[in-house]
Amino acid sequence: MAVITTRLGKIITTVILIVILLVGGVGYLAWYNLLREVPTYYESPEEHFKYGSIGTENAEGIPYWIWLVLPRLFPEYLPGNGGYTSLGFTWEEGKETPVGISKKTIGFPRQGITCAVCHHGTYREKPEDKPIIVPTAPSNKFDSQGFLRFIFACANDPRFTSDYILDGIYYNQKLSQLEKLLYRYLIIPQTKKAILKQQESYAWMDSRPNWGPGRIDPFNPVKFRTLGLPVDDTVGNSDMMPLWNQKQHQGFALHWDGLETSLTETVNTGAIGDGATRDSINIAGLQRVEAYITQLDPPAYPFDINQSLAEEGQPIFEQNCASCHAFGGEKTGTVIPISEIGTDRHRLDMWTQEAADAYNEYAADYEYDFDYLRKTDGYLSVSLDGLWLRAPYLHNGSVPYLEDLLEEPENRTKVFYRGYDVYNQEKVGFVAEGLEAEKVGFKYDTSVQANGNQGHLYGTDLSSEDKQALVEYLKTL
Ligand code: HEC
Ligand code: HEC
């Protein structure tokens, strides 16, 4: 009897051990193939800025292999040839992703976005030139909304099935049997579901004017999707901003309406806005981004400058503009009330006190926390360093050329095309009219809601000689 119980005991122990091993083995495999995080590290601060993870892959990133093949499987949903580059992405030679897209393994390779997707610019002297990339410049061509809508259209297509997608992936990547199973039964169906859910959370976009390249509605997604505030009818469409030279911006408020006063918080909220969660946000990686944008100098104007004309323009600048725009100017980096500046007020009205309060509470339990979001009543008198590459001008990108900004609003360009990166040295800004600009560009109509080009009348009453000298001087900033 005792012998039998001992034997039975041994058998039971063995079975339990086997079960534990099996469960453990499956658990390990599941962890390895679905959750294991492989850190990425770029030695160069510029490469880190362009490609390094800021923690957006977990929640909003798409499995890399799926993301990679979508343009090949659903080209009809893109605005033109060239895959992702038709949405204004810049894809450098030898890179696995375009500028501003990270690739990180969390169980399996996933795609995420980085600050550089919106904060890098390109320009060309002539159409046949290769674009020159300037990290931290405001993008003039990345169509963030177009990218979202492309992904949504793919997920809604009945061909978005495991068979079709896997077939596409096999051209790029060999998958193990286990990976094939995971992609077929878990990763592809879950991706489709997640994209459709994401689409619902962006449904509010469809009743408002399109952002177009180089612009986004920066905080409505945060209000409605992250902070859980009720959907309202505001339109916040705004132009991207440059990030260089923060060392000289110390003490300036940030964002077009100055809704932040801390650079560190602006950097961290940037990552939350891009889809990082409170837990996935990569604070150490963002500290490197902050150090990089702090020390980086603004890009010098790369074309010829008429130095004597620019010298004539300097005192005109000092008299008419310096108080709000020069480093050391008494109002530079402060909010100028909307009643005084008179530009389109939609972007300003998009941000509310409730939103600021909710964002300040959002990360209260986290070490990084947010405390400096606020509601203001106007727009920031931004510093003009690297001004030539900030075109189109004003917070909504409504004025294509510097020359235009010095005209009375009724004489400023009413309809133009943005998204083309050939430079117009005469008017100072990106070429915004003509066949080529129309072909690649987005039609910007200043009569559309939130696109108004009124206000900012400074310098409009100068003589045409003085305006010319002033514009020449502005190239030197
Ligand atoms: C999807 C596009 C997009 C991404 C990605 C993005 N930004 Fe921005 N960023 C913008 C836009 C647009 C503005 C201006 C928004 C406004 O105030 O209306 C801006 C403004 C800023 C400003 C304020 C600049 C100033 O002089 O006031 C900072 C700083 C900034 N972003 C940093 C970052 C960082 C750091 C990241 C990455 C963690 C990031 N952004 C990611 C679009 C983006
Ligand atoms: C009283 C303050 C004030 C004065 C004076 C002033 N500006 Fe501005 N400026 C602003 C504000 C505020 C904005 C942002 C307005 C907006 O985008 O809605 C701005 C925006 C700009 C921009 C757009 C920057 C960008 O990145 O798109 C340019 C260019 C500019 N100003 C040039 C000038 C010039 C040139 C003068 C002198 C002739 C001048 N400003 C005088 C307050 C001022």
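These numbers come from a predicted model, not from an experiment. Read the numbers this way: they start at 1 and go in the same order the structure lists the ligands and their atoms.
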Residue and atom name of the nearest protein heavy atom (relative to atom 21 (C) of ligand 1), distance in Å to one decimal: His255 CE1, 3.7 Å
Numbered atoms of ligand 1 (with element) below 4.0 Å of Leu254, judged on heavy atoms: 25 (C), 27 (O)
Measuring from Leu263:CG to Thr294:OG1, what's the distance to the nearest 0.5 Å? 5.5 Å
Mark up the atoms of ligand 1 that fall under 4.0 Å of a heavy atom belonging to Leu286, in ascending order. 38 (C)
For ligand 2, note which part of Ile336 has a heavy atom under 4.0 Å away: side chain, backbone, both or neither. side chain
Per-atom filter on ligand 1: closer than 4.0 angstrom to a heavy atom of Cys118 are 1 (C), 2 (C), 3 (C), 4 (C), 5 (C), 42 (C), 43 (C)
With salt bridge (charged side-chain N to carboxylate O under 4.0 Å, His left out) as the criterion, how do Lys104 and Glu37 come out once you've worked through the C-alpha distance, each side chain's angles and the decisive distance to 0.1 Å? CA-CA 8 Å; Lys104 181 179 174 187; Glu37 285 206 30; 2.8 Å; yes
State the atoms of ligand 1, each with its element, that fall below the 4.0 Å cut-off from a heavy-atom position in Gly270. 38 (C)
Does the separation of the ring centres of Trp388 and Tyr423 fall below 6.0 angstrom? yes
Note: Trp256, heavy atoms under 4.0 Å from ligand 2, region reported as side chain
Atoms of ligand 1 close to Val117 [distance to a heavy atom under 4.0 angstrom, numbered from 1]: 5 (C)
Proximity of Asp344 to ligand 2 by residue part, where a heavy atom lies under 4.0 Å: neither
Nearest to atom 27 (O) of ligand 2, what protein heavy atom do you find, and at what distance? Leu394 N, 2.9 Å
Here the gap from Phe303 atom CZ to Asn424 atom CG, rounded to the nearest 0.5 Å, amounts to 10.0 Å
I'd like to know whether Lys130 forms a salt bridge (charged side-chain N to carboxylate O under 4.0 Å, His left out) with Glu125, so could you lay out the CA-CA distance, the side-chain angles of the two residues, the decisive distance to 0.1 Å, and finally the verdict. CA-CA 9 Å; Lys130 188 175 149 185; Glu125 185 174 2; over 6 Å; no
Atoms of ligand 1 less than 4.0 Å from Ser238 heavy atoms? 15 (C), 16 (C), 18 (O)
Might you work through the side chain to side chain donor-acceptor pair (under 3.5 Å) test for Gln199 and Asn156, ending with a clear yes or no? CA-CA 10 Å; Gln199 182 181 16; Asn156 277 288; 2.8 Å; yes
Yes or no: does Leu259 have any heavy atom under 4.0 Å from an atom of ligand 1? no
Nearest heavy atom to atom 13 (C) of ligand 2: which of Leu380, Val382, Leu470 does it belong to? Leu380
heavy-atom search around atom 35 (C) of ligand 2 in the protein gives Cys321 SG, 3.6 Å
His119 N/O/S atom closer than 2.8 Å to atom 8 (Fe) of ligand 1: yes
Is Arg278 positioned over the aromatic face of Tyr362, cation under 6.0 angstrom from the ring centre and no more than 45 degrees off axis? yes
Check whether any N or O atom of Glu340, backbone or side chain, sits under 3.5 Å from an N or O atom of ligand 2, and answer yes or no. no
Are the aromatic rings of Tyr292 and Phe49 close, with centres under 6.0 Å apart? yes
Per-atom contacts, ligand 1 versus Ile216 - under 4.0 Å to a heavy atom: 1 (C), 2 (C), 12 (C), 42 (C)
Just need the protein heavy atom nearest to atom 17 (O) of ligand 2, so name the residue and atom and give the distance. His395 N, 2.7 Å
Within the 6.0 Å centroid threshold, strictly below: Phe142 and Phe89: yes
Please report which non-hydrogen protein atom sits nearest to atom 5 (C) of ligand 2, along with the residue it belongs to and the distance in Å to one decimal place. Asn320 O, 3.4 Å
If we number the atoms of ligand 1 from 1 as shown, the ones under 4.0 Å from a heavy atom of Thr114 are 5 (C)
Protein residue, atom and distance nearest to atom 26 (O) of ligand 2, heavy-atom basis: Arg390 NE, 3.0 Å
Distance to 0.1 Å, residue and atom name: give those for the protein heavy atom nearest to atom 2 (C) of ligand 2. Cys324 SG, 1.9 Å
Can you tell me the angle formed at atom 8 (Fe) of ligand 2 by NE2 of His456 and NE2 of His325, to 10°? 180°
Of the listed options Met240, Met241, Arg347, closest to atom 16 (C) of ligand 1 (non-hydrogen atoms): Arg347
Please report the shortest heavy-atom distance between Ala432 and Ala437, naming the atom on each side. C-CB, 4.0 Å
Checking a contact table here: which protein heavy atom is nearest atom 22 (C) of ligand 2, and how many Å away? Leu405 CD2, 4.0 Å
Short N/O distance, under 3.5 Å, between Tyr458 and ligand 2? no
